[in-house]
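All residue numbers refer to positions in the sequence shown, counting from 1. In listed order, ligands and their atoms are each counted from 1. None of the values given here were measured: they were computed from a predicted structure.
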Amino acid sequence: MNEDMMTEAERASKLAEPAGDAVAAPNRGKGVYYVHTLGCQMNVHDSERIAGVLESDGYVPATEEQVIDKDIDLIVMNTCAVRENAAERMYGTIGLWARMKRERPNLQIAVGGCMAQLDRQKIAKKAPWVDAVFGTKNIGSLPRLLDQARMVGEPQVDVVDRLDYFPSQLPTARASRVSSWVSISIGCNNTCTFCIVPTTRGKEHDRRLGDILAEIRQCVDNGAKEVTLLGQNVNSFGYGIGDRYAFSKLLRACGEIEGLERVRFTSPHPAAFTDDVIAAMAETPNIMHQLHFPLQSGSDRILRAMRRSYRSAKFLDILGRIREAMPDAQISTDIIVGFPGETDEDFEETMRVVREARFSSAFTFEYSPRPGTPAAAMEQVPHDVVQERFERLVALQEQITAEELAKFEGRDVEVMITGAAGKKDSSTHRVTGREKTGVLVHIGVPEGETMPEVGDFVTATVTHAGRHNLIADPNPAEGQTYHVRH
Ligand code: SF4
């Protein structure tokens, strides 16, 4: 897998087009596979496990050309239940793949992830051409299910609700050499009324600290320079064994790992964001000052209805303490507009908090009911009202984002290179990557300099702030910085 190639959407639509002439791959192993991933980082990382499990069983990842030619033996869809109309979107896509299966009868189709966890029997019934349905807790069963489906000629469904082993024990085919995801926990003990995650992922299970650190060391040995710690609620890590300081201890332990340059994590919950975590972030040099801090609403009444256990004053107080300890921190957020019962006054509270919080960016969502969640049964806000509020919020946040990005102009930033910026045009001499606090930076390589490679660190002067990213086109002759560290 390569992050610089076609997007998921482009690949999925390629697969839905009529087939061209297939070109035989030199090594097909047990079959050529392609994983189509929907949803959050957790799912992206689960797909790395799915790929690892398949490759251990002899499958070979599809090349870009094989996706274009639809020369594939196995398609796995790793589904998400969080997004709007998740079921319709899933059935729509696997319906398109049914046509492909008619053209290639030996093609196998598997469906995993959160929708499979929720809708297991329904998928097999509604889409009988799907060969295997597996859940979030038994990714390792996939090769066996595919073998059985091939042998008996019938769809195989195996979704378990109990977590018998942590998926991190499974083999992994990582998408990036230099940036690795590492799970620290799965599941969530909270009960936010809009969220389906506690149903699809279950109660929180934390990994052992030693296992997490061993996996991080292994990633670094394999070339990773950056690690992102993953969990639905990372800062409640350790609460299950009564250690309220376990997450900050983990961050400080990451600081001891030689060769590990950058550590990020997602997502923390504002309710449990304690001073020991802020201190660990501020005092451990390789923990980046980047934080995704989901507000959801600025109205205390709505936060209560959402069953979010903090209030707006506490949220802003924590932000103040974070910024006092780390003035350069970039803080992003999630906000839901039009949660059931949201009044104009409630929405104005959200606008007030957004003005005060000055988030670097925000993922803003118009509320849409997720079947099976308590909020789905509450009285909904009319769509036109939600849309008008949404547009006002987006406009406000765009303005704040632009103002915050403008502060970078003229500053030197250190960027870890993740790829070429103009991927379709190699003549641009641009590379791209993230600076320490996570902002995307496109760098113009000065004439006469060799192109930096993925994983190199480039320090460059920011010459222009875009709407969502930074441009660094430094001219060393004018005293601007351009420096590469391998
Ligand atoms: S904290 Fe709330 S929103 Fe986040 S995963 Fe848990 S239940 Fe869902």
Query raised in the report: Looking at atom 6 (Fe) of ligand 1, is one of the N, O or S atoms of C188 less than 2.8 Å from it?
Result: yes
Should you measure from each heavy atom of [X], which atoms of ligand 1 turn up under 4.0 Å away?
X	value
P198	7 (S)
V197	5 (S)
R308	1 (S), 2 (Fe), 3 (S)
H269	1 (S)

What protein heavy atom lies closest to [atom]? Include the residue and the distance to one decimal.
atom	value
atom 2 (Fe) of ligand 1	C192 SG, 2.3 Å
atom 8 (Fe) of ligand 1	C195 SG, 2.3 Å
atom 1 (S) of ligand 1	N190 ND2, 3.4 Å

Requested in this report: Look at atom CZ of R244 and say whether more than 12 heavy atoms of other residues, nucleotides or ligands are closer to it than 6.0 Å.
Outcome: no
Query raised in the report: Is the distance between the ring centroids of F293 and H269 under 6.0 Å?
Result: no
Query raised in the report: How about Y367 and F194: are their ring centroids closer than 6.0 Å?
Result: no
Query raised in the report: Which part of P294 is near ligand 1, with near meaning a heavy atom under 4.0 Å away: side chain, backbone, both or neither?
Result: neither
Query raised in the report: Under 30°, 30 to 60°, or over 60°: which ring-plane class applies to F363 and F365, parallel, tilted or perpendicular?
Result: parallel
Report task. Report yes or no: do D328 and H289 form a side-chain donor-acceptor pair below 3.5 Å? Result -> yes
Query raised in the report: If you look at every heavy atom in E204 and N189, which pair is closest and at what distance?
Result: N-OD1, 2.9 Å
Query - Side-chain (T401) to main-chain (S360) donor-acceptor, under 3.5 angstrom - result: yes
